[in-house]
Number of protein chains: 2
Amino acid sequence: MATTTAAERRQQARVEYDAFLKSCPTNQLLDRISDKWVSLIVSALADADGPMRYSGLGRRIAGVSPKMLTQTLRSLERDGIVSRTVTPSVPVRVDYELTPLGANLSCLLTAVKDWAEHHIEEVVEARERYDASSEAS
Amino acid sequence: MATTTAAERRQQARVEYDAFLKSCPTNQLLDRISDKWVSLIVSALADADGPMRYSGLGRRIAGVSPKMLTQTLRSLERDGIVSRTVTPSVPVRVDYELTPLGANLSCLLTAVKDWAEHHIEEVVEARERYDASSEAS
DNA sequence: GGTGCCTACTTACCAATGGATAGTAACTCT
DNA sequence: AGAGTTACTATCCATTGGTAAGTAGGCACC
């Protein structure tokens, strides 16, 4: 025994942390928000004032597959960030809209987008510098 | 001919959009920021004042695998968000620290984290409501 | 003096995630 | 009657990310 090596300690830390993570909903929420499609969908819905339809979102975001679009919308609906209203007209019509909570969130995402737009040049420069110096090796 | 169906139009939209996306660095940057590990690493570095070591970050974030930790740190370094300093002491020592740009970004991520902490209850309630109503079906 | 540990990774493999494409239901239009 | 509409599922496959083990190079312990 006494095989309490670094590997074991790491293992144990992981198990403890897992329990912590699973029980900490803030982390879950952070995960949800830190999703590519979530930010794109929320900002699309924020830009358009008024509801958007499934196909409209698909066209707006375009890079998204129907699968991911549905999946992400469902999870956002579950979290109370978007609302989904089905109008059983001739071909069904489904409208998605930000809830007040979602509108609140969209402010943050807009801030992130603005940051990205403001600082993109610095990042691009940093990348060029980095690439140049590693090529030179 | 004249097979210009919905599928074709969608295809074309996708191609156009792809070109747009590839050429739009803001979107790339948004992608980078919208990453689980990025937000965790940046906020870990922001919390600790002063540099953190590789193993320290690994312990702090714990759920991260060494692979992802290295990968994410490299990309953040490339983007000029963290700085990496190697001290060739007895066992090598590597320190990571936020650059000014990174510190700037961390404000945003802190805001997101705060939002998550403030609104988690609403989200949990929304989830319960959603799950209850779909179970009832 | 050799076994083992330290740090900071890299590598190989494998499961899960996400994307492309096609299909479905219910109905209308031609 | 066949094609088109909307809002999705379903299937398959590529890519991503996780797990675990290995690597380098030096020191400490036995």
Side-chain angles (χ1 to χ4, degrees), chain A residues 2-15 17-18 21 31-32 34-41 51-77 82 84-97 134, chain B residues 1-15 17-18 21-22 31-32 34-41 51-77 82 84-96:
Chain A
T3 329
T4 315
T5 56
E8 275 218 338
R9 260 176 286 140
R10 202 168 304 162
Q11 177 71 21
Q12 209 200 329
R14 248 202 61 246
V15 170
Y17 179 75
D18 267 11
L21 243 200
D31 257 35
R32 176 63 39 88
S34 298
D35 180 84
K36 186 182 170 177
W37 301 124
V38 165
S39 39
L40 290 172
I41 288 175
M52 281 190 83
R53 299 172 59 178
Y54 181 87
S55 53
L57 282 167
R59 239 173 293 120
R60 184 63 146 61
I61 301 177
V64 74
S65 62
K67 181 179 154 185
M68 276 324 287
L69 187 51
T70 305
Q71 213 172 91
T72 311
L73 283 168
R74 285 289 140 80
S75 75
L76 288 174
E77 192 198 351
V82 306
R84 178 171 181 270
T85 0
V86 182
T87 314
S89 56
V90 188
V92 250
R93 175 202 173 95
V94 184
D95 286 300
Y96 294 95
E97 198 169 4
S134 52
Chain B
M1 33 49 188
T3 328
T4 316
T5 55
E8 274 219 338
R9 260 175 287 140
R10 203 169 304 163
Q11 176 72 19
Q12 210 201 328
R14 248 202 63 245
V15 171
Y17 180 74
D18 266 11
L21 243 201
K22 296 275 144 68
D31 257 33
R32 177 63 38 88
S34 298
D35 180 83
K36 184 183 171 178
W37 301 124
V38 166
S39 38
L40 289 172
I41 289 176
M52 281 189 85
R53 298 172 58 179
Y54 181 86
S55 53
L57 282 167
R59 239 174 294 119
R60 184 63 146 59
I61 302 177
V64 75
S65 61
K67 180 178 153 186
M68 275 325 285
L69 187 52
T70 305
Q71 211 174 92
T72 312
L73 283 169
R74 285 288 140 79
S75 76
L76 288 174
E77 192 198 351
V82 305
R84 179 172 180 269
T85 1
V86 182
T87 314
S89 57
V90 188
V92 250
R93 174 202 174 94
V94 185
D95 285 301
Y96 294 96

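What you see is a predicted model, and the numbers here were worked out from it, not measured in a lab. All heavy atoms count here, side chains included; hydrogens, waters and symmetry mates do not. Labels below follow one simple rule: chain letters A, B, ... track the order of the sequence lines, proteins then strands, and each chain is numbered from 1.
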Seminar exercise, completed: Which of Met52(B), Glu77(B), Arg74(B) passes side-chain contact (heavy atoms from CB on, under 4.5 Å) with Val82(B)? Answer is Glu77(B)
Problem set entry | Euclidean distance, atom CG of residue Leu69(B) to atom P of dC9(C) [Å, nearest integer] | 8 Å
Problem set entry | Which residue lies more 5' along DNA chain C, comparing Ser55(B) with Lys67(A) via nearest heavy atoms | Ser55(B)
For this session: Send over the distance from Met52(A) CE to dA7(D) P, rounded to a whole Å.
Result: 11 Å
Exercise. Looking at Ser75(B) and Arg32(B), what are the two nearest heavy atoms and their distance?
Worked result: CB-NH1, 3.6 Å
For this session: Starting from P on dC8(D), measure out to CG on Leu73(A) and report it in whole angstrom.
Result: 8 Å
Problem set entry | Spacing of Gln71(A) atom CD relative to dG19(C) atom C1', expressed in whole Å | 11 Å
For this session: Taking only the side-chain nitrogens and oxygens of Arg59(A), find out if one of them lies under 4.0 Å from OP1 or OP2 of dT6(D).
Result: no
Exercise. Choosing from dG17(D), dT9(D), dC9(C), which nucleotide comes nearest the side chain of Met68(B)?
Worked result: dG17(D)
For this session: May I ask you to evaluate whether Arg84(A) reaches the phosphate of dC8(D), defined as a side-chain N or O under 4.0 Å from OP1 or OP2?
Result: yes
For this session: Answer whether the closest heavy-atom distance between the side chains of Leu57(A) and Leu69(A) falls below 4.5 Å.
Result: yes
Problem set entry | Close side-chain approach of Tyr96(B) to Leu76(B), heavy-atom, < 4.5 Å | no
Exercise. In whole Å, what is the span from the NZ atom of Lys36(A) to the C1' atom of dT16(D)?
Worked result: 12 Å
Seminar exercise, completed: Separation of dG19(C) atom C1' from Ile61(A) atom CD1, nearest Å, is 15 Å
Problem set entry | Exam field: side chain Ser39(A) to backbone Lys36(A), donor-acceptor pair closer than 3.5 Å | yes
Exercise. Within less than 4.0 Å of OP1 or OP2 of dA8(C), is there a side-chain N or O belonging to Arg93(B)?
Worked result: no
Problem set entry | Rounded distance (Å) that lies between atom P of dT15(D) and atom CG of Asp35(B) | 19 Å
Exercise. Out of dC9(C), dA7(D), dT9(D), which has the shortest distance to the side chain of Pro66(A)?
Worked result: dT9(D)
Problem set entry | Protein-nucleotide distance (Tyr54(B), atom OH; dA24(D), atom P), rounded to Å | 17 Å
For this session: Would you please confirm or rule out a distance under 4.0 Å between OP1 or OP2 of dT6(D) and any side-chain N or O of Tyr96(A)?
Result: no
Problem set entry | Short side-chain N/O contact from Trp37(A) to OP1 or OP2 of dG19(C), under 4.0 Å | yes
Exercise. Do the side-chain N or O atoms of Arg53(B) get closer than 4.0 angstrom to the phosphate oxygens (OP1, OP2) of dA8(C)?
Worked result: yes
